[in-house]
K.L.:
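Pasting in a structure now, in structure tokens, and then I'll have a few things to ask.
Here, residue 1 is the first one in the sequence, and each next residue gets the next number. Just so you know, these numbers use all the heavy atoms, side chains as well, and skip hydrogens, waters and symmetry mates. In this text the structure is predicted, and so the values were computed from the model without any measurement.
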Amino acid sequence: DGAAAAGAGAADGRDLLVAPDDVGRCTDHTLYLLAQYRRDVMTEDDLDAARVQSKRAKKGPIDPVLKVGYAGLSCGFCRGRGGGGGGGAPSGRHFPPTARALQASAAKMHGHLARCPRCPPAVRRALEWTRGYHRPQGLPGGPGPFYARVFDRLRAPAGEGRGR
């Protein structure tokens, strides 16, 4: 249920990315997926990893907005430190420079949760179940406006930016 997913998470709710009023603005799968992530900030290690990844992909320098302290999101179960490399879970830390990049990282976020050693099996099953009817549930206007709302919340100081 989307409303339950939107309310799950931190006790005070300040680091949550989705809100109860998001129900109906996106698919249940998208809502449940983002409800498993929390606000976080980029560290020097994250910045180094972004540089290495960009170099490997031959993309050139990383986006100049990315710097230590930049707001992003991390897995609510392992805070993005549950795996990575060696066939384990890919990194659960994401620092999208735009709303479009946030939307594009949804598949990676799902992939992390599917292999995160700290993600409960019930959450994995719920993600797979909601993904099963994700496409037919599509909403008019697509997911772009919802991701823009979440991105704006991410950019706002913790505890602000809940609406829009």
Side-chain angles (χ1 to χ4, degrees), residues 5 8-10 14-19 22 25-27 29-121 123-124 126-128 130-131 134-135 138 141-162 164:
R14 284 183 293 158
D15 65 348
L16 295 177
L17 298 170
V18 295
D22 288 328
R25 296 177 189 264
C26 64
T27 65
H29 177 72
T30 300
L31 191 67
Y32 193 72
L33 174 68
L34 287 174
Q36 309 315 310
Y37 281 79
R38 304 291 174 264
R39 293 170 60 104
D40 213 327
V41 293
M42 184 171 259
T43 65
E44 191 64 48
D45 287 344
D46 294 321
L47 193 56
D48 290 343
R51 287 183 187 120
V52 168
Q53 183 180 6
S54 183
K55 190 172 184 176
R56 261 192 223 145
K58 296 182 173 133
K59 292 182 185 176
I62 62 170
D63 193 300
V65 344
L66 299 178
K67 53 186 151 224
V68 173
Y70 184 79
L73 54 160
S74 64
C75 171
F77 303 105
C78 70
R79 296 306 271 183
R81 292 169 177 82
S91 172
R93 297 175 68 75
H94 303 275
F95 300 94
T98 64
R100 179 174 246 159
L102 173 61
Q103 184 175 345
S105 65
K108 288 180 185 178
M109 293 165 61
H110 181 99
H112 169 78
L113 291 170
R115 294 185 296 282
C116 176
R118 295 188 185 150
C119 180
V123 170
R124 287 192 191 115
L127 282 167
E128 289 307 315
T130 59
R131 187 162 73 168
H134 179 66
R135 284 212 192 278
F146 170 73
Y147 279 101
R149 285 171 57 94
V150 172
F151 186 76
D152 287 348
R153 286 182 196 140
L154 202 54
R155 303 276 58 86
E160 295 179 22
R162 301 297 305 162
R164 195 191 108 162

K.L.:
Taking all non-hydrogen atoms of both residues, which atom of G80 and which atom of S91 are closest, and how far apart?
P.N.:
O-OG, 4.4 Å
K.L.:
Heavy atoms only: give me the nearest L47-M42 pair and the separation to one decimal.
P.N.:
CD1-SD, 3.8 Å
K.L.:
Which residues satisfy the side chain to side chain donor-acceptor pair (under 3.5 Å) test with T43, sequence neighbours excluded?
P.N.:
D46
K.L.:
With distance as the sole test, does R39 use its side chain to make a donor-acceptor pair with the main-chain N or O of R153 at under 3.5 Å?
P.N.:
yes
K.L.:
Work out which heavy atom in T130 is nearest to a heavy atom in L127; give both atom names and the distance.
P.N.:
OG1-O, 3.1 Å
K.L.:
Among residues at least two apart in sequence or on other chains, which ones pass side chain to side chain contact (heavy atoms under 4.5 Å, CB included) with A106?
P.N.:
L33, Y147
K.L.:
Could you list all the ring pair (Phe, Tyr, Trp, His ring centres under 6.0 Å) pairs where at least one residue sits in residues 36-62, not counting sequence neighbours?
P.N.:
Y37-H94
K.L.:
Using modelled atom types and a 3.5 Å cut-off, is there a donor and acceptor pairing between side-chain atoms of T27 and backbone atoms of T30?
P.N.:
yes
K.L.:
Determine the minimum heavy-atom distance between V150 and L17, stating which atoms define it.
P.N.:
CG2-O, 3.9 Å
K.L.:
Rounded to the nearest 0.5 Å, how far does CZ of F151 lie from CD of Q103?
P.N.:
12.5 Å
K.L.:
Where do A126 and Y32 come nearest, in terms of heavy atoms and distance?
P.N.:
CB-CE2, 3.5 Å
K.L.:
Using side chain to side chain donor-acceptor pair (under 3.5 Å) as the criterion, list what pairs up with R124, not counting sequence neighbours.
P.N.:
none
K.L.:
Got a list of side-chain donor-acceptor pairs under 3.5 Å for residues 62-71, not counting sequence neighbours?
P.N.:
from : atom 1 : to   : atom 2 : distance (Å)
D63  : OD1    : V65  : N      : 3.0
Y70  : OH     : P96  : O      : 2.9
Y70  : OH     : R155 : NH1    : 3.3

K.L.:
Considering residues at least two apart in sequence or located in another chain, which fulfil the side chain to side chain contact (heavy atoms under 4.5 Å, CB included) criterion with E128?
P.N.:
H110, R131
K.L.:
Are the side chain of S105 and the backbone of L102 linked by a donor-acceptor contact shorter than 3.5 Å?
P.N.:
yes
K.L.:
Give the minimum heavy-atom separation between Q36 and F77, together with the two atoms involved.
P.N.:
OE1-CZ, 3.3 Å
K.L.:
To the nearest 0.5 angstrom, please state how far the CG atom of L154 sits from the CG atom of L34.
P.N.:
10.0 Å
K.L.:
Could you tell me if the side chain of C78 sits less than 4.5 Å from the side chain of H112, heavy atoms only?
P.N.:
yes
K.L.:
Considering residues at least two apart in sequence or located in another chain, which fulfil the ring-ring contact (aromatic ring centres under 6.0 Å, His included) criterion with F95?
P.N.:
none
